[in-house]
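The structure under discussion appears below in the form of structure tokens.
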Amino acid sequence: MSMFKKLLASVGIGSAQVDARLEQDSLIPGDMVRGEVHIKGGDVAQEIDEIYMYVVTHYEREINDSKTKEECTLVKYRLSERVQLKPKEEAVLPFAFQLPYETPLTMGRQPVYLRTGLDIKNAIDPGDSDFIEVRPHPLMSKVLDAVQQIGFQLYKVDCEYNRHLGRNHPFVQEFEFRPTGSYRSQLEELEVVFYLRDGELEVLLELDKRARGFMGAFEEAFNLDERYIRFRLTNADLNKHTHVIAEAIEALIKQQLR
């Protein structure tokens, strides 16, 4: 009977179970992720080589004119090394680690989740996945509100493959705005990309200008109609009114459109 139970455990039946319980499931990039991992032994004793937690998201990649979703692991955190688990034994392991600054926001349909797993030799590894909400950092909120104040409406948020603009990972999260006011005659859209660090936010604005006449069509064909603006905010800017940030952004845009 014991041999049969070991065989079942090796294919995941009667094996150990894992459940991650978070203190908070709504976070901003850079927050500490805290909680406990509850492990319950199965029908037989099992040696767990490693207990780990991944922060995982998805991004879109275009291959041969068709879009595919690819998974990206933002960080792998090891909770524990080897653990010997007796039959039906229960163990609780606390954990705390920092949510990476480059974690995308869960706006639109963008998923971010924590995947907890046990690495057990000669067995299917049991796991647990927990979706989390990732809210904008206050500096990001300042920029998003400011861009809307000067006459743009957010219509799309997604993570797209971009080796050129991506830094630690092969994608960037793009916030796409359409002009609703005076910029409608000059711009097709405005894209915003964030690079968050401790106490600082770097912002990349991409201006997609409207094609006008032959030269406009020429520029559009070769993507020359796109212009980039970079600027930085620090935590000191959190004390500024949003309209001050909005005026500074508008001045940068107008300078590029001259």
Side-chain angles (χ1 to χ4, degrees), residues 27-30 57-62 72 74 99-112 133-210 220 223-238 240-258:
L27 305 158
I28 64 172
T57 191
H58 298 151
Y59 62 90
E60 284 192 344
R61 184 173 185 176
E62 194 168 314
C72 180
L74 301 171
L99 187 68
Y101 284 111
E102 57 268 27
T103 304
L105 310 184
T106 52
M107 296 174 68
R109 296 183 177 180
Q110 186 61 39
V112 176
E133 178 190 27
V134 185
R135 308 186 317 275
H137 184 278
L139 286 173
M140 294 176 174
S141 292
K142 282 276 188 188
V143 174
L144 294 173
D145 290 344
V147 169
Q148 292 184 84
Q149 271 192 21
I150 60 174
F152 292 90
Q153 184 174 9
L154 183 65
Y155 78 96
K156 188 179 178 185
V157 181
D158 59 8
C159 288
E160 293 188 1
Y161 176 82
N162 193 318
R163 272 290 181 191
H164 176 62
L165 295 180
R167 294 185 177 174
N168 295 328
H169 305 291
F171 71 90
V172 291
Q173 185 169 37
E174 296 179 347
F175 299 80
E176 300 178 26
F177 290 84
R178 283 184 178 147
T180 59
S182 58
Y183 290 109
R184 289 179 68 180
S185 61
Q186 297 172 287
L187 292 173
E188 196 79 45
E189 67 177 18
L190 172 69
E191 293 184 2
V192 180
V193 174
F194 294 124
Y195 302 100
L196 181 66
R197 291 187 288 276
D198 186 18
E200 181 180 277
L201 177 68
E202 181 183 347
V203 184
L204 176 66
L205 303 182
E206 182 180 331
L207 309 181
D208 188 357
K209 296 170 74 175
R210 282 194 180 277
E220 191 176 59
N223 286 330
L224 301 176
D225 58 326
E226 294 174 350
R227 300 289 184 268
Y228 292 96
I229 300 171
R230 290 181 188 270
F231 64 92
R232 284 181 171 81
L233 297 178
T234 66
N235 283 341
D237 292 304
L238 289 172
K240 294 179 180 177
H241 288 292
T242 304
H243 73 85
V244 175
I245 307 291
E247 288 171 1
I249 293 173
E250 189 161 39
L252 290 170
I253 292 174
K254 286 181 176 178
Q255 190 176 351
Q256 280 290 339
L257 293 177
R258 283 176 187 168

> Under 4.5 Å between any side-chain heavy atoms of Glu102 and His169, yes or no?
Replying inline: yes
> Going through the distances and angles, do Leu204 and Tyr228 end up as a side-chain contact (heavy atoms from CB on, under 4.5 Å)?
Replying inline: CA-CA 7 Å; Leu204 176 66; Tyr228 292 96; 3.7 Å; yes
> Met107 versus Phe175: any side-chain heavy-atom pair under 4.5 Å?
Replying inline: yes
>> Going by the rule side-chain hydrogen bond (donor to acceptor under 3.5 Å, both in side chains), which residues pair with Thr106 if we only count those two or more places apart in sequence or in a different chain?
In response: none
> Counting only N and O atoms by type, is there a donor-acceptor contact under 3.5 Å from the side chain of Thr234 to the main-chain atoms of Glu200?
Replying inline: no
> Taking all atoms of both residues into account, what is the closest heavy-atom pair of Pro136 and Ile28, and its distance?
Replying inline: O-CG2, 3.6 Å
> Would Val143 and Leu201 count as a side-chain contact (heavy atoms from CB on, under 4.5 Å) if you check the C-alpha gap in whole Å, the side-chain angles of each, and the deciding distance to 0.1 Å?
Replying inline: CA-CA 10 Å; Val143 174; Leu201 177 68; 4.2 Å; yes
> If you round to the nearest 0.5 Å, how far is OH of Tyr161 from OH of Tyr59?
Replying inline: 7.0 Å
> Step by step, would you call Lys254 with Gln186 a side-chain contact (heavy atoms from CB on, under 4.5 Å)?
Replying inline: CA-CA 10 Å; Lys254 286 181 176 178; Gln186 297 172 287; over 6 Å; no
> For atom CZ of Arg135, is the number of surrounding heavy atoms from other residues, nucleotides or ligands below 6.0 Å larger than 12?
Replying inline: yes
>> If the condition is side-chain hydrogen bond (donor to acceptor under 3.5 Å, both in side chains), which residues does Glu189 pass it with, not counting sequence neighbours?
In response: Tyr155
> Pairs in or reaching into residues 160-169: which pass salt bridge (charged side-chain N to carboxylate O under 4.0 Å, His left out), with residues at least two apart or in two chains?
Replying inline: Arg167-Glu202
>> Are Gln256 and Ile229 packed together at the side-chain level, in the sense that at least one heavy-atom pair is separated by less than 4.5 angstrom?
In response: yes
>> Would you compute the distance between atom CD of Glu188 and atom CG of Leu207 and round it to the nearest 0.5 angstrom?
In response: 12.5 Å
> side-chain contact (heavy atoms from CB on, under 4.5 Å) between Thr57 and Thr103: does it pass, once the steps are laid out?
Replying inline: CA-CA 8 Å; Thr57 191; Thr103 304; over 6 Å; no
>> Are the side chains of Val134 and Pro104 in contact, using a 4.5 Å heavy-atom criterion?
In response: no
Distance-only check: which donor-acceptor pairs under 3.5 Å involve side-chain atoms of residues 145-152, not counting sequence neighbours?
from   : atom 1 : to     : atom 2 : distance (Å)
Gln148 : NE2    : Leu144 : O      : 3.4

> Distance-only, no hydrogens or angles: does the Gln173 side chain make a donor-acceptor pair with backbone N or O of Gln110 under 3.5 Å?
Replying inline: no
> Roughly how far apart are Arg227 CZ and Gln255 CD, rounded to 0.5 Å?
Replying inline: 13.5 Å
> Under 4.5 Å between any side-chain heavy atoms of Leu187 and Leu257, yes or no?
Replying inline: yes
>> Restricting to non-hydrogen atoms, name the atom on Tyr101 and the atom on Gly30 that form the minimum distance, rounded to 0.1 Å.
In response: CE2-CA, 3.6 Å
>> Within the structure provided, determine whether Val157 and Glu174 are in side-chain contact (heavy-atom separation under 4.5 Å).
In response: no
> For Tyr195, what residues pass the side-chain hydrogen bond (donor to acceptor under 3.5 Å, both in side chains) criterion, not counting sequence neighbours?
Replying inline: none
> Above 12 or not: heavy atoms from other molecules or residues under 6.0 Å from CD of Glu133?
Replying inline: yes
> CG of Asp208 to CD of Glu176: how many Å apart, nearest 0.5 Å?
Replying inline: 9.5 Å
Donor-acceptor contacts, no H, no angles, side chain residues 242-252, under 3.5 Å, sequence neighbours left out:
from   : atom 1 : to     : atom 2 : distance (Å)
Glu250 : OE2    : Tyr183 : OH     : 3.0

> Which heavy-atom pair separates Pro138 from Leu238 by the least distance, and what is that distance?
Replying inline: CB-CD2, 3.6 Å
> Distance from Leu205 atom CG to Phe177 atom CZ, nearest 0.5 Å?
Replying inline: 9.5 Å
> Is there a side-chain contact between His58 and Pro111 (heavy atoms, below 4.5 Å)?
Replying inline: yes
> Got a second to check how far Leu105's CG is from Leu27's CG, nearest 0.5 Å?
Replying inline: 12.0 Å
> So, the side chain of Lys142 versus the backbone of Lys240: is there a donor-acceptor pair under 3.5 Å, distance only?
Replying inline: yes
